[in-house]
Amino acid sequence: MQAPRTHHAPLTAARSASLLGDFMSGTFSKSMARNVFYGGTAFFVLLFLALTFDTQGALPKRDNRDKLTPAVAAGKKIWEVNNCIGCHTLLGEGAYFAPELGNVYKRRGPDFIKAWIQNQPTKVPGRRQMPQFNLTDKQLDDLVQFLKYTSEIDTNNWPPNIEG
Amino acid sequence: MQYKSQAVAKPYFIAAIGLFVGQILFGLIMGLQYVIGDFLFPAIPFNIARMVHTNLLIVWLLFGFMGAAYYMIPEESETELHSPGLALALFWIFLIAGALTIVGYLLLPYARLAELTGNDILATMGREFLEQPLITKVGIVIVALGFLYNVSLTVLKGRKTSISLILMLGLWGLAVFFLFSFYNPENLVKDKFYWWWVVHLWVEGVWELILGALLAFVLIKVTGVDREVIEKWLYVIITLTLITGIVGTGHHYFWIGTPGYWQWWGSIFSALEPIPFFAMTIFAFNMVNRRRRDHPNRAATLWALGTGVMSFLGAGVWGFLHTLAPVNYYTHGTQITAAHGHMAFYGAYVMVVLTIISYAMPVLRGRAANSNRAQVVEMWSFWLMTISMVFITLFLTAAGILQVWLQRFSSTPQPFMVVQEQISMFYWMREVTGVIFLLGLAIYVASFFMKGEAAASVSTTSGRGEIGTQTA
Ligand code: HEM
Ligand code: HEM
Ligand SMILES: [Fe+2]
């Protein structure tokens, strides 16, 4: 590859009359642009805060908080400190290396989930491996409770089917 | 270099590049684990490699932003940095804390790391991108405060330009929104809702202000176009960014338990988010076309133009691809997301940091521009990395389309793991392309060690140029 050379074209009438040129040299000044920036940003920050406020009010009917027991909270923490999100998605967010778990309770049920976690890694050669987390029975139960609670959140019908 | 204290930027840039190399190595490990599932297992499970990959990315971009600010602010403010000593001290604190965190990820089981670092006091770990132990998060806040104190005082005592003002807004915003990483309610829906106040309001909000400021600064330097014109553009671009991007957060509120009206707000506003990215592309090309001088650092100009194009493709086009709710219903959390995440992060933030490094590093090393040979090598690395990233994105998009088809759209949906097996060919192609990316990065690093006669100093001409021949 060669070092590029720069070549200069003369100033053309066509270019200086371009739309962008007009915009740039026209009557729209920098201080007007700045005022539009502050005004526009302030307006949309307020709109976003208003929508957030409304969402907070609407969540109790959707986020399954009635079932948010201490076991669920403990399960969420187990989910977090083992960094499950580093391989799996949960409600479609996370990593894309391993299956969606937001609906795994419905797909597999509690017993399968516990047995699965206990039996890792599969050690099947060449297959993607999940670590052994050495969870106690209580921790497994809490985790399952968390996944059950998650599967009952109103997600506007997502995922499209049980495979997640 | 106009001000002695700008020199503190140099270690920041060097660290950024070093961590970038680490990021890519872990990307390649994961890429291989995608097809040879037990590769390096159990020494480095996938989730650990992923944390290292993404956290290194964020940390090296932060090093890049801070280095950029330390370089730009004295020059914009026309005064020395408030405290170069503080800047250097914070550099070492940040680097050592970052390195210890990565070592912790690699050597300890994550649950043990959580236990040792105070996660029981305040549980913040185990959420994507925010995996850092509590003490690291607190450390990040302390470093950020010290950094902001240092540059803010510099701005206050000197000339106040629009570029420095917008850069400061972006950097303060970055720090403020990071505080939401300490909010982790037991309620999963609320957790997810405010998690996006860090992630989305960073990359599609305040970081874009930083991006615009860096790009504008370099464009003023390499084109000699009037500051008034460039700063007016900058205001227009960031206005478009925030009026679309703030409510555009709603494109993450479709399926996580939030009300259905977000499908309208999120789709409509985020569909407009490509506009500021498009404006940025036009801006970069327009300014280079109107240039009043031929800066000898052509590599920096190439990076600046590349940022314009690639951020529009990655964030604008690939973002739009899956941002409308009816489409996102099928693509949410698939390889389509990964494809977009890669090209957007590369095209916008990686490239803008490499732009400012390309412009500033030669100056920090006592010359207007590197030798012709070094620039040619740097431009080779530009093309290798950029074209590789385009292909990585295309392969992941192909994988994603098949994944959606087989697992989500079909009338006989197949299980996740079964589908993954069927699309493994595309993962192989991604991995091979990733190796070429690494080669490009190696060449990039090598360009810093190229000798040769320094290019001529800045020449000023009165005519306007054409960009057609600017890039080889
Ligand atoms: C070139 C070699 C690279 C390879 C092989 C690679 C591979 C990967 C893999 C396998 C993942 C995990 C996907 C999953 O969760 O299942 C990932 C995630 C990610 N990588 Fe890379 N990567 C590379 C380069 C990069 C670069 C240059 C950037 C930044 C510009 C980057 C940014 C990211 C981000 C942001 C994520 C998280 C994506 C998301 O959550 O959607 N990667 N990468
Ligand atoms: C430079 C700017 C941008 C960057 C760095 C970026 C990066 C990312 C990343 C890393 C993710 C994955 C997050 C996760 O792991 O869950 C993501 C998701 C997403 N992005 Fe962007 N993005 C940018 C701009 C945009 C724009 C402008 C749009 C829309 C036009 C957009 C639309 C989306 C959508 C819809 C998702 C969610 C995908 C899903 O449902 O799985 N992004 N982005
Ligand atoms: Fe977003």
Side-chain angles (χ1 to χ4, degrees), chain A residues 1-11 20 24 30 33-34 36-37 40-41 44-45 47-48 51 55 58-59 62-63 65 68 73 76-77 79-83 85-87 89 91-97 99-100 121 125-129 131 150 153-156 158 160-161 163-164, chain B residues 36-38 41-42 45-47 50-51 110-111 114 119 123 125-128 131 186-189 228-229 231-232 235-236 238-239 242-243 246-247 255-260 286 294 298 329-330 332-335 338 372 375-376 380 407-408 413 415-416 461 463-466 469-472:
Chain A
M1 188 184 291
Q2 274 222 324
R5 298 243 164 99
T6 325
H7 157 78
H8 275 227
L11 172 62
L20 288 164
M24 279 299 127
K30 187 173 96 182
R34 185 179 51 222
V36 173
F37 169 69
T41 303
F44 284 99
V45 166
L47 174 60
F48 186 59
L51 288 166
T55 297
L59 282 187
R62 310 179 53 96
D63 63 14
R65 65 180 65 186
L68 213 174
K76 180 168 186 276
K77 197 158 171 206
W79 168 268
E80 287 165 0
V81 300
N82 290 290
N83 191 231
I85 202 84
C87 290
T89 46
L91 304 187
E93 294 169 2
Y96 324 113
F97 186 71
E100 163 69 29
R127 189 182 162 90
R128 296 181 189 174
Q129 297 293 308
T150 303
I153 289 170
D154 179 353
T155 58
N156 296 321
W158 194 90
N161 65 61
E163 297 299 348
Chain B
I36 304 176
D38 51 1
F41 188 87
F46 180 87
N47 61 332
R50 193 182 201 272
M51 276 195 296
Y110 189 69
N119 196 57
M125 292 172 70
R127 294 172 305 147
E128 195 192 1
E131 296 94 346
E186 288 168 355
N187 184 327
L188 182 67
V189 179
E228 281 298 301
V229 174
E231 289 185 336
K232 185 161 56 168
Y235 270 120
V236 171
I238 62 169
T239 304
L242 294 186
I243 66 180
I246 294 172
V247 180
W255 329 114
I256 61 166
T258 33
N286 199 21
D294 277 321
R298 298 186 212 86
Y329 184 65
Y330 293 102
H332 182 47
T334 62
Q335 296 300 321
N372 224 36
Q375 287 196 45
V376 172
W380 264 97
Q407 184 191 319
R408 297 248 171 103
F416 178 93
T461 57
R464 292 182 183 184
E466 281 295 339
T469 48
Q470 178 79 8
T471 55

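Lettering of chains follows the sequences in order, A, B, ..., and the numbering in each one begins at 1. Just so it is clear, the values below take in all heavy atoms, side chains as well, and ignore hydrogens, waters and symmetry mates. For clarity, every value in this text was computed on a predicted model and none was experimentally measured.
Across A/T41, A/V36, A/T150, A/V45, the residue that shares the most heavy-atom pairs under 4.5 angstrom with chain B is A/T41. The candidate from B/A338, B/P259, B/G260, B/A111 with the greatest count of non-hydrogen atom pairs under 4.5 Å with chain A is B/P259. For chain A, the option among B/R50, B/E128, B/M51 with the highest count of heavy-atom pairs below 4.5 Å is B/R50. With respect to chain A, the highest number of heavy-atom pairs below 4.5 Å among B/G37, B/P42, B/A123 belongs to B/G37. Per-residue heavy-atom pair counts under 4.5 Å with chain A were compared for B/I36, B/N119, B/I256, and the maximum is reached by B/I256.
For the atom pair CG of A/N161 and OH of B/Y330, the computed distance is 9.0 Å after rounding to the nearest 0.5 Å. Atoms CD and OG1, on A/E100 and B/T334 in that order, are 11.5 Å from each other to the nearest 0.5 Å.
Within the 4.5 Å cutoff, side-chain heavy atoms of B/H332 are placed close to those of A/E93. In this structure, A/R127 and B/F41 have side chains that are not in contact, with every pair of non-hydrogen atoms separated by 4.5 Å or more.
With a 4.5 Å cut-off on non-hydrogen atoms, B/E131 touches chain A through its side chain but not through its backbone. Both the backbone and the side chain of A/R34 come within contact range of chain B, each with at least one heavy atom under 4.5 Å from a heavy atom of that chain. Contacts of A/T89 with chain B are made by side-chain atoms alone, with heavy-atom separations under 4.5 Å and no backbone atom involved. Proximity to chain B involves both the backbone and the side chain of A/L51, based on heavy atoms less than 4.5 angstrom apart. Proximity to chain A (any heavy atom under 4.5 Å) is shown, for B/Y110, by both the backbone and the side chain.
Both tests pass for A/R128 against the ring of A/F97: distance under 6.0 Å to the centre and angle within 45° of the axis.
Without hydrogens or angle criteria, B/E231 side chain to B/V229 main chain gives no donor-acceptor distance under 3.5 Å. For A/N83 (side chain) and A/I85 (main-chain N/O), no donor-acceptor pair under 3.5 Å exists by modelled atom type.
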